[in-house]
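To start, the structure itself, in structure tokens.
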Amino acid sequence: MDSSKKTLVPLVIVVLVALVVGLFYALVFTQPAAQLSFDQGDLKNQQKYHWRMVTTWPKNFPGLGMAGENFARWINEASNGRIEVTVYGANELVPALGVFDAVSSGSVELGHGAAYYWKGKIPAAPFFTSVPFGMNAQEMNGWLHYGNGGALWREAYAPFNIVPFAGGNTGVQMAGWFNKEINSLADIQGLKMRIPGLGGEVFTRAGGVAVNIPGNELYTSLQTGVIDATEWVGPYNDLAFGFHQVAKYYYYPGWHEPGPTLELLINKTALESLPDDLQKLVQVTARAVNQDMLDEYTARNNRAMNELVNKHGVKLRRLPDDVLQKLKAISVQMYAEQSANDPFFAKVYADYESFLNQAQQYHKISEEAYYQSR
């Protein structure tokens, strides 16, 4: 071998060794940085979120109070522990009617209540719960989820940094408990009744005195004469509250709350801090809670009504037609007046009425026709 070849061989070996060393360096010493980047993203997706929920209901109260508990349990299970929610009943962390402000301020991430409690802040808010002679539960779900109701609801709450979701429905409620019979509009004059939302305004215009008292104070208020009557929900909840012990007459139909939607209030900043998959899980879990509550009330109301009437001797009465007609006339007049004074109220009411009218057209030949036939 000549000298030039002898020189070339070591040079080739050196170059090859250098390449191997370089490759080894790239694979070994740069890999941790790439791996670290992957781990950081994975850790973000696996981050655990500890949220608090405040509600307007007594802790673990049947039906209404269990919606928050179900939401907390289901989302914890579905997220494999990535979201943990601690639920506080009324007055455990904030007052029953302090839920909206607590969620808005961000002092808690979640709330469960009813939109009509906040009509002092948002005059149109009752439309997202229930309004006199308005939609039933089936129609409300249609409006909120497939009409414009959901978008209008979010628009209403946006200035308060809250994102709302439907979080339950009781179906048509009862007109309430009274300590005297209601035979005409004259019997309402001066009657002090716990009745919130726009129903309370209608009742006041009809000559009554509407007051807004949290649920956990109703029994004592009725017992001591602070109020003469109260509406709450329906047989399932009313039996649990023991209203039959402090009032004689139980009236229907629930003209003031024909399809009351309850709500999950979520702090917008907290919601947007979640990764996309958990944000979607929040929406899906809310939908499940919303339907579950309606199913439960459908299953339990009649059994409770039978117990109230047959075991406890409750006097079940229907409100007279002339009283219902007067209450409806007052309602229509009130909607017109508030629409004239509040552009957003007018916007929501117009859309609400449009959807209701369309739904009614079909329900006359479907739901109503079937009820009459059976």
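Only heavy atoms go into these numbers, but all of them, side chains included; no hydrogens, no water, no symmetry mates.
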Partners of E181 by salt bridge (Lys or Arg N to Asp or Glu O under 4.0 Å), sequence neighbours excluded?
R317

With sequence neighbours left out, the residues meeting ring pair (Phe, Tyr, Trp, His ring centres under 6.0 Å) with Y116 are none

State, with a plain yes or no, whether a side-chain heavy atom of E69 is found less than 4.5 Å away from one of K59.
yes

Give the C-alpha distance, both sets of side-chain angles, the deciding distance and a yes or no for side-chain contact (heavy atoms from CB on, under 4.5 Å) between R52 and Y88.
CA-CA 8 Å; R52 296 185 296 174; Y88 298 88; 3.9 Å; yes

Could you pull out all residues at least two apart from N306 that satisfy side chain to side chain contact (heavy atoms under 4.5 Å, CB included)?
N302, N310

Is the backbone N or O of L185 less than 3.5 Å from a side-chain atom of Q189, with the two atoms forming a donor-acceptor pair by type?
yes

Restricting to side chain to side chain contact (heavy atoms under 4.5 Å, CB included), what partner residues turn up for S331, sequence neighbours left out?
P132, F133, V202, Y335

Applying side-chain hydrogen bond (donor to acceptor under 3.5 Å, both in side chains), name anything that partners T261, two or more places apart in sequence or on another chain.
N169

If you apply the rule side-chain contact (heavy atoms from CB on, under 4.5 Å), what do you find for D351 with W143, and how did you get there?
CA-CA 9 Å; D351 193 82; W143 182 56; 2.8 Å; yes

Side chains of N76 and R73: donor-acceptor distance under 3.5 Å anywhere?
no

Can you pull the salt bridge (charged side-chain N to carboxylate O under 4.0 Å, His left out) pairs that have at least one residue in residues 230-248, sequence neighbours excluded?
R194-E231

Between S273 and A270, is there a donor-acceptor pair closer than 3.5 Å when you use the side chain of the first and the backbone of the second?
yes

Can any side-chain N or O of T129 pair as donor or acceptor with the backbone N or O of A115 at less than 3.5 Å?
yes

Once side-chain hydrogen bond (donor to acceptor under 3.5 Å, both in side chains) is applied, do any residues pair with N141, and if so which ones, sequence neighbours excluded?
N290

Which residues satisfy the side chain to side chain contact (heavy atoms under 4.5 Å, CB included) test with N357, sequence neighbours excluded?
E353, Q360

Report the distance from atom CD1 of I75 to atom CG of L281, rounding to the nearest 0.5 Å.
4.5 Å

Scan residues 91-102 for pairs that pass side chain to side chain donor-acceptor pair (under 3.5 Å), counting only residues two or more places apart or in two chains.
D101-K121

Counterpart residues, salt bridge (Lys or Arg N to Asp or Glu O under 4.0 Å), relative to R287 (two or more places apart)
none

Distance-only, no hydrogens or angles: does the S221 side chain make a donor-acceptor pair with backbone N or O of V226 under 3.5 Å?
no

Salt bridge flag under 4.0 Å for residues E368 and K364
no

Donor-acceptor contact below 3.5 Å, side chain N237 vs main chain P62
yes

Evaluate the side-chain contact (heavy atoms from CB on, under 4.5 Å) criterion for residues L64 and T56: first the C-alpha distance (whole Å), next the side-chain angles of each, then the deciding distance (0.1 Å), finally the verdict.
CA-CA 9 Å; L64 304 179; T56 61; over 6 Å; no

Short side-chain to backbone donor-acceptor contact, T224 and T220, under 3.5 Å:
yes

Quick check: does any side chain N or O of E139 sit under 3.5 Å from a backbone N or O of N136, one acting as donor and the other as acceptor?
yes

Students often mix this up, so state it plainly: with edges at 30° and 60°, are the rings of F241 and F243 parallel, tilted or perpendicular?
perpendicular

Does a sphere of radius 6.0 Å around NZ in K180 hold more than 12 heavy atoms from other residues, nucleotides or ligands, not counting ones at 6.0 Å or beyond?
yes

Residue set satisfying side-chain hydrogen bond (donor to acceptor under 3.5 Å, both in side chains) with E272, at least two apart, ordered chain then number -> K268

Check step by step if side chain to side chain donor-acceptor pair (under 3.5 Å) holds for D295 and Q291.
CA-CA 6 Å; D295 296 345; Q291 185 62 48; 2.9 Å; yes

Between G199 and W255 the two heavy atoms that sit nearest each other are O-CH2, 3.6 Å

Check the pair L316 / M305 against side-chain contact (heavy atoms from CB on, under 4.5 Å), numbers first and verdict last.
CA-CA 9 Å; L316 186 61; M305 179 63 81; 4.0 Å; yes

Y249 vs Y251 aromatic rings, parallel, tilted or perpendicular, using cut-offs 30° and 60°?
tilted

I'd like to know if the side chain of H112 reaches the main chain of G167, judged simply by a donor and an acceptor atom lying under 3.5 Å from each other, with no hydrogens or angles considered.
yes

List for me each residue that meets side-chain hydrogen bond (donor to acceptor under 3.5 Å, both in side chains) alongside E201, sequence neighbours excluded, and say none if there are none.
K119, Q338

Y236 backbone acceptor or donor facing N301 side chain under 3.5 Å
yes

Using a distance-only test with no angle check, is there a side-chain donor-acceptor pair under 3.5 angstrom linking N267 and W51?
no

Scan R300, K311, H312 and name whichever one has a side chain to side chain contact (heavy atoms under 4.5 Å, CB included) with L239.
H312

Parallel, tilted or perpendicular: which fits the ring planes of F100 and F160, with parallel below 30° and perpendicular above 60°?
perpendicular

Y49 and E109 side chains, donor-acceptor separation under 3.5 Å:
no

